[in-house]
Amino acid sequence: MRNFIDQTGSLWAKGKLVGKVGSAFTSSATQHGGQESTILGLIPTMLHHGMVVVGLPYAFQGQMGIDEIKGGSPYGASTITGGDGSRQPSEVELDAARFQGAHVARIADKLAD
């Protein structure tokens, strides 16, 4: 993904992404597998492109609490897959992704006006 994004220089030079919505989500093999740093690594590129960065606000209450292992932060939705990929996203993690997607769509719609 980083390689793909690094090849967007021509879009940057033409300002093609200025004012567009940018958002990110991720997965990792472990609970402390760098989910937040992965998303944080993408945000500066979005900002250099002039994009409006949209995350997963705390309005999504599913990211709160310690009742179960779960991904997600204000930077974006995420999931924990397990080292062998055997863990599937939980309902909370899927809800977070849906919430973020809907939030992105609402922001994009507002910007289109």
Side-chain angles (χ1 to χ4, degrees):
M1 182 56 99
R2 179 82 254 166
N3 182 33
F4 172 77
I5 290 172
D6 285 344
Q7 294 179 46
T8 61
S10 63
L11 295 174
W12 171 82
K14 296 174 185 171
K16 293 286 188 178
L17 298 177
V18 172
K20 305 291 186 199
V21 173
S23 193
F25 58 92
T26 189
S27 69
S28 65
T30 64
Q31 191 168 4
H32 303 290
Q35 294 177 350
E36 289 182 346
S37 62
T38 298
I39 294 174
L40 287 170
L42 295 171
I43 290 173
T45 302
M46 290 187 242
L47 293 173
H48 278 270
H49 275 291
M51 298 176 82
V52 177
V53 178
V54 177
L56 179 64
Y58 281 119
F60 175 71
Q61 292 292 305
Q63 63 186 303
M64 307 297 281
I66 56 171
D67 53 323
E68 64 181 275
I69 296 172
K70 54 187 155 187
S73 76
Y75 308 117
S78 62
T79 188
I80 303 160
T81 62
D84 61 359
S86 61
R87 182 180 182 272
Q88 295 297 303
S90 69
E91 282 305 311
V92 171
E93 293 167 333
L94 291 170
D95 287 345
R98 290 182 191 108
F99 187 101
Q100 183 176 341
H103 184 53
V104 166
R106 283 190 300 274
I107 299 297
D109 185 53
K110 289 178 181 181
L111 291 173
D113 291 341

Going only through I, L, V, M, F, W and Y residues with side-chain contacts under 4.5 Å, is there a path from [X] to [Y]?
{"X": "Y58", "Y": "L40", "result": "no"}
{"X": "V104", "Y": "M51", "result": "no"}
{"X": "V21", "Y": "V18", "result": "no"}
{"X": "I39", "Y": "F4", "result": "yes"}
{"X": "V52", "Y": "L11", "result": "no"}

Requested in this report: Could you tell me which non-hydrogen atom of G41 sits nearest to which non-hydrogen atom of T45, and how far apart they are?
Outcome: O-OG1, 4.3 Å
Query raised in the report: Of the non-hydrogen atoms in S23 and V54, which two are nearest, and what is the gap between them?
Result: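 Minimum heavy-atom contact is OG-O, 2.7 Å.
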Distance (rounded to the nearest 0.5 Å) between [X] [atom1] and [Y] [atom2]:
{"X": "I5", "Y": "L42", "atom1": "CD1", "atom2": "CG", "result": "4.5 Å"}
{"X": "I80", "Y": "T26", "atom1": "CD1", "atom2": "OG1", "result": "11.0 Å"}
{"X": "W12", "Y": "L17", "atom1": "CH2", "atom2": "CG", "result": "12.5 Å"}
{"X": "Q63", "Y": "S78", "atom1": "CD", "atom2": "OG", "result": "9.0 Å"}
{"X": "K20", "Y": "M46", "atom1": "NZ", "atom2": "CE", "result": "15.5 Å"}
{"X": "R2", "Y": "T38", "atom1": "CZ", "atom2": "OG1", "result": "11.0 Å"}

Query raised in the report: Can any side-chain N or O of Q100 pair as donor or acceptor with the backbone N or O of G76 at less than 3.5 Å?
Result: no
Query raised in the report: Between R87 (side chain) and G82 (backbone), is there a donor-acceptor pair under 3.5 Å?
Result: no
Report task. Could you point out which residue of F25, Y75, F99 forms a side chain to side chain contact (heavy atoms under 4.5 Å, CB included) with L56? Result ->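 Of the listed residues F25, Y75, F99, the side chain to side chain contact (heavy atoms under 4.5 Å, CB included) partner of L56 is F99.
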Report task. Give me the one residue out of K16, H48, H49 that meets side chain to side chain donor-acceptor pair (under 3.5 Å) with T8. Result -> H49
**Report entry** Short side-chain donor-acceptor distance under 3.5 Å, Q35 and S73
**Finding:** no
Report task. Check side chain to side chain contact (heavy atoms under 4.5 Å, CB included) between V92 and all other residues, then give those that pass, not counting sequence neighbours. Result -> F60, E68, K70, S90
Query raised in the report: Between R106 and D109, is there a side-chain N and carboxylate O pair less than 4.0 Å apart?
Result: no
